[in-house]
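What follows is one structure encoded as structure tokens, with my remarks underneath.
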Amino acid sequence: MTGYIFRRILQAIPVFMGTTFLIYFMVFAMPGDPIVALFGDKTPNPAVVAQLRAQYHLDQPFIVQYLIYLGGIFRGDFGLSFSGEPVTAILARTFPVTARLAILALLFETFFGILVGLISGLRKGKLFDASSLAVSLVLISLPIFVIAFVGQYVFGVWLGWARTTVGSGAPLQDLILPALVLASVSFAQIVRLTRASVIETSGLDFVRTAYSKGLSSRRVIPVHILRNSLIPVVTYLATDFGVLLVGATITEGIFNVPGVGNTLYQAIIRGEGPTVVSFVTVMVLIYLVVNILVDLFYGLLDPRIRYVK
Amino acid sequence: MNITKLGITAVTLAAIGALTLSGCAGGGAAPASTPNPGAIISTNGSEPQNPLIPTTTTETGGGKIVNSIFAGLVYYDAKGATVNDVADAITTDDNTTYTIKIKPGLTFSDGQSLTSSSFVDAWQYGALLSNAQLGSSFFSDIAGYSVEKDSPLTGLTVVDDTTFTVALTAPLADFPERLGYAAFYPLPASAFADMASFGESPIGNGPYMLDGAKAWKHNEKIDLVVNPAYDGGRKPKNGGLSIRFYANEGAAYSDLLANNLDVLDSIPDSAYGTYQSDLGDRVVNQPAAIFQAVTIPERLPHFSGEEGTLRRRALSMAINREEITKVIFSGTRTPASDFTSPVVDGWSDTLKGADVLEFNAKAAKKLWAQADAISPWTGTFQIAYNADGGHQGWVDAASNSIKNTLGIDASGAPTPTFAQARTAIADRSIQTAFRSGWQADYPSLYNFLQPSYATKAGSNDGEYSNPEFDALLAKGSAESDLTAANGDFQKAQEILLQDLPAIPLWYANVTGGVGLDVHGVVFGWDSVPLFNEITKG
């Protein structure tokens, strides 16, 4: 097991180098000059432009820029944004907000998704099942920004139950509505997954054995059916958590959440290389860690899966 | 974020359009009550792109903050007129050397004294090349300024604590009118010791000051409170400002509808269809100092000399401005009748030759045919624009208008980002006509005309050059009387209407909304609300 983890971490190093290089190259290759854009509609003074280029190392060839950046990362220096703020400070400010939003969304989708999926699976073909199928189909087929706008309008503007946008400091009560929106699509997926899995498990021999032993359904459902149905759901939840953690650009934009997605979007628009690359680098790291954890989860949930040399 | 803007439209129109009416009709007229002098006014803004140093603040996000926490020699009132703020008197005999006297005994918000050196040192800092300040070109008319090497502004001389003189390289009648712009604000002595940390939490002398050293919460908001040391004409009638940063205007608009925001200074284009019914009498719609046009460089094939002039005039008359401003912009633009803006002193809608800006299909066809007689037209007429700025609607409409009127191929040519479009325009690699716009830095006809159309001027992206026009600008600058100067500038504009280096389209209006119980919202000439006048409660 330790050997496996060690090998996975070693594999992560080239992935990390490769992605930062690619992302840096893509930002570098983005058309247009971000320094010229800083001047708006005015024609910039060439000497000031040269000065600013030198300040952000934009006058160097690509590979030198990349090496300067990489060298900085190993010293814990992620560069400066155009407004003069260290990128590390931006990371430290935005990731906790997105993490809170992600955890909240994950709690919502896990609780409601598994509950509704379980009931649907046990009452296959009944009214509850049919209506949950309809609701989840609607949620899956609607683009998330439609759900976000409807949610914002109905609960924020019309009913006034929630704040329309997230206030400064992103307090938990402000995050409930965006978290529900984020959770909605995954909720539908979890309902479908849980339902299918519960139906499959319910028909298996050991469940029939349990019932014929005289166990009550109060015992069979949680212990025998639900637990064995959860393997695919947990896998899905783990990857979904990774997706949520790296930020939801559209939802964060609509609710003005000062999180990762929103900040990254603005940095891309401004062509702020250091900010974009650092954010993506951290996202890559999160993905790598979550992926390793998911693989380890398999082994814990299903003893048949073993990692051998 | 076009997709989300599209989303608002789709949602408000299709899904819950019916709710809009019932949901928002409850607002109505706010009850008359005594305003609370301590009320904090919340308003929309965007994360400043640069440190909060006046000489490097050239964009609106930072400008809104810097203009609130600093006071310059003069400020602009609601009508765009110049009023002395820190200055006691600005005098000149020859429009070349100005003597500026400031009010005695003034201080910055932390008690540091405000003297003539506060201005001179700040300007020297802003103009010095190696400081790489984005607003450095504002000092280009002061003696000693150089774009090639570090060179002190030799034209600035401190006479005593309350007097300094400014020597310009050429006569400029409107120099005092420029002094309300951010680049000309003073800086306290402490700023120069550590400009980086000053830019993070600046100390100013304006109507407001930062609410503590950590008031700027990046990407979230900045909180300002009244600066007790300020005693000029912009004394606030409220307790402070909370400027919230929105990455997307739609979110700010939703906050206004839910009454979580007091003042919104722009209605997102996704809400153009509904904002009048959403907000009722809470809409503010005023002309602004923003001029929008299509520039057709002389160097493009078929657009030089006599043929070019005929084609430009034909294209101008082929665009139905009236219809586009009504249908595409829902009345948030006003068709242009000159090259400036109705909010500046001296604007006129009766210039000679302004009929070229009216839709006239017959005349357009005739002019186009005359140009074809010189050299037959081939290819497609394209208008370049940046796709990240909400320009597609009007560019497509204008292209269609041209296509239908002249019977030629016309289309938009989008580039993905503003940066890309500006780069191609600045290095002259662009091979089509392109959208252009000008937002004045200070309210004056000269500021609309000189930078964009004078020979070799900073923002003359079409490389237009006409000695007659240049001569009229220079003559206007040297006049001692503003009315006489404006007369010269109007004559200069009549030349532009003949040559059409850019085809004027429309003036942008500033269209905003105010929350319930919020009063006194008036937009200044620069499309930013006069925050000090706003009351709440």
Side-chain angles (χ1 to χ4, degrees), chain A residues 30-52 54-55 81-85 89-90 93-94 143 145-146 148-150 152-154 156-158 160 162-165 167-170 249-250 252-256 258 262-263 265-266 269-271, chain B residues 1 3-4 7-8 10-12 15-16 19 23-24 47-51 58-59 129-130 132-134 136-137 147-149 196 199-200 217-221 244 246-248 250-252 254-255 257-258 260 388 415-423 426 436-439 451 458-461:
Chain A
M30 243 164 69
D33 185 336
I35 301 292
V36 170
L38 279 182
F39 289 82
D41 275 326
K42 292 190 173 52
T43 298
N45 174 346
V48 176
V49 170
Q51 194 83 30
L52 286 169
Q55 195 179 326
S81 73
F82 284 153
S83 67
E85 205 191 5
I90 304 179
R93 193 182 61 230
T94 53
F145 64 83
V146 174
F149 280 120
V150 173
Q152 185 181 48
Y153 195 83
V154 172
V157 177
W158 194 37
R163 275 187 58 129
T164 33
T165 59
S168 173
T249 310
I250 292 175
E252 286 191 1
I254 292 169
F255 291 100
N256 208 37
N262 211 347
T263 311
Y265 172 74
Q266 290 184 63
I269 290 296
R270 285 204 287 265
Chain B
M1 202 179 278
I3 202 159
T4 56
I8 305 185
V11 170
T12 40
I16 48 168
L19 302 181
C24 293
E47 169 79 4
Q49 290 182 14
N50 306 294
T58 50
E59 45 88 43
L129 201 58
S130 55
Q133 301 290 290
L134 297 177
S136 64
S137 57
V147 290
E148 274 131 30
K149 56 180 180 12
E200 183 67 24
K217 296 202 169 51
H218 288 275
N219 279 320
E220 290 180 14
K221 63 168 183 174
R244 297 200 202 129
Y246 291 93
N248 117 25
S254 297
D255 263 353
L257 289 186
N260 286 336
D388 58 354
T415 51
T417 61
F418 181 68
Q420 195 182 352
R422 280 308 307 172
T423 308
S436 52
W438 188 255
Q439 175 157 20
S459 296
N460 187 349
D461 293 326

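Protein chains get the first letters and strands the later ones, always in sequence-line order, with residue 1 at the start of each.
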Side chain from CB out, backbone as N, CA, C, O: work out which of these in [X] comes under 4.5 Å of a heavy atom of chain A, or both, or neither.
X        : result
B/Pro48  : backbone
B/Gln49  : both
B/Ala196 : neither
B/Ser130 : both
B/Ser136 : side chain

If you count heavy-atom pairs under 4.5 Å with chain A, which of B/Lys217, B/Lys221, B/His218 comes out on top?
B/His218
Quick one: which of B/Asp255, B/Thr423, B/Asn219, B/Asn260 has the most heavy-atom pairs under 4.5 Å with chain A, could you say?
B/Asp255
Once rounded to the nearest 0.5 Å, what's the spacing between atom [atom1] of [X] and atom [atom2] of [Y]?
X        : Y        : atom1 : atom2 : answer
B/Ser254 : A/Phe149 : OG    : CZ    : 7.0 Å
B/Glu220 : A/Asn262 : CD    : CG    : 10.5 Å
A/Thr263 : B/Glu47  : OG1   : CD    : 8.5 Å
B/Arg244 : A/Asn256 : CZ    : CG    : 9.0 Å

Please report the closest heavy-atom contact between A/Gly156 and B/Ala258, naming both atoms and the distance.
O-CB, 3.7 Å
Compare every heavy atom of A/Gln152 with every heavy atom of B/Ala251, then report the nearest pair and how far apart it is.
CA-NE2, 4.5 Å
Please classify the contact between A/Arg163 and chain B as side chain, backbone, both or neither, with a heavy-atom cut-off of under 4.5 Å.
both
